[in-house]
Amino acid sequence: MKSARPLRLGVLASGSGSNLQALLDACRQGALHAQVAVVICNVAGARCLERARDANVPALLLSHRDFPSRETYDVELVAALEQHGVELVCLAGFMRIVTPTLLRAFPDRVLNIHPSLLPSFPGLHAVRQALDAGARISGCTVHFVDEGTDTGPVLIQAAVPVLDGDSEESLAARIHAQEHRCYVRAVELVAAGAVEWSERGGKKRARIAASAGLPRESIASLLWPPLAADEKGKT
Ligand code: GRF
């Protein structure tokens, strides 16, 4: 189901842009049948802009300070994305709440990455929330964006154990490493046309099509902390 030409991505970021970098690298290496068509950032001097320029990708600074409302900002955002022929919008550390203006322009075509296993710990400081709650396992989620905060259909998740003695920084660093893998995989699934839609309990769901060739039978679960036997690799 792979389309002949690479899927055009618009990446929106506000900060470091390590997820952007993972996408850029995967596109460059041919691991992802996609192309970052534009990077848009709302914070002057953010590292993500530099990463885009280093990769010869158009980098646009669109400061929210120059707009009277979220809606007017998003009108401009949509215009820029459309101008660059974007087909899939990837929020990658974009510290803005997006409005229906963006979602209507790209229906089921906006992804976000969040540093927890949603629906646990939505919103800000997700890593701190997991630590404060005493969770043994956290992780990250790539989901489609809907009008709520971190409530949209989940596409892919990675589980990351919380270790005794973890600080917010150490746990965030391990989650970040998984984010990079997850985001590339999520975009790959969309690019391959492997996302199917269904509904459960009145809520939309993203399913991964059988054509993606994922194992359908049950696989071993992640138990954390592990049983002694697991630790010795005996299971
Ligand atoms: C990530 O932790 C992501 O989950 C969250 O913002 C952070 C962005 O990191 N939404 P980076 O800018 O991609 O390094």
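First listed ligand is number 1; within each ligand, the first listed atom is number 1. Residues: numbered from 1 along the sequence shown.
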Check: Do NZ/NE/NH1/NH2 and the carboxylate oxygens of Arg96 and Asp74 come within less than 4.0 Å?
Finding: no

Notebook entry, point to check: At what distance is the nearest protein heavy atom to atom 9 (O) of ligand 1, and which residue and atom is it?
Noted result: His176 NE2, 3.1 Å

Checklist line | Selection residues 84-93 - residue pairs positive for side-chain hydrogen bond (donor to acceptor under 3.5 Å, both in side chains), sequence neighbours left out | finding: Arg5-Glu87

Check: What protein heavy atom sits nearest atom 8 (C) of ligand 1, and how far off is it?
Finding: Gly93 CA, 3.6 Å

Note to self: With heavy-atom distances below 4.0 Å as the criterion, list the atoms of ligand 1 near Glu179.
What the structure shows: 1 (C), 2 (O), 3 (C), 4 (O)

Next item on the list: If a pair satisfies side-chain hydrogen bond (donor to acceptor under 3.5 Å, both in side chains) and one of its residues is in residues 52-65, list it, with sequence neighbours excluded.
Entry: Asn42-His64

Margin query: Within the structure, is a non-hydrogen atom of Gly17 found at a distance of less than 4.0 Å from ligand 1?
Written below: yes

Notebook entry, point to check: Under a single-linkage definition using a 4.5 Å side-chain heavy-atom cutoff for Ile, Leu, Val, Met, Phe, Trp and Tyr, are Leu24 and Leu49 assigned to the same hydrophobic cluster?
Noted result: no

Note to self: I'd like to know whether ligand 1 has Ala13 as a neighbour, heavy-atom separation below 4.0 Å.
What the structure shows: no

Note to self: Quick check for you: to the nearest 0.5 Å, what is the distance between Asn112 atom CG and Leu12 atom CG?
What the structure shows: 10.0 Å

Margin query: Are there over 12 heavy-atom neighbours, none belonging to Arg28, within less than 6.0 Å of that residue's CZ?
Written below: yes

Notebook entry, point to check: Which of the atoms in ligand 1, numbered in the order shown and given with their element, are less than 4.0 Å from a heavy-atom of Ser18?
Noted result: 11 (P), 12 (O), 13 (O), 14 (O)

Item checked: N-O pairing of Glu168 and Arg128 below 4.0 Å -> yes

Notebook entry, point to check: For ligand 1, which atoms, with element, lie under 4.0 Å from some heavy atom of His114?
Noted result: 4 (O)

Notebook entry, point to check: What is the closest protein heavy atom to atom 10 (N) of ligand 1, and at what distance does it sit?
Noted result: Ile113 O, 2.9 Å

Next item on the list: Could you pull out, from Val142, Val11, Asn19, the option with a heavy atom nearest to atom 13 (O) of ligand 1?
Entry: Asn19

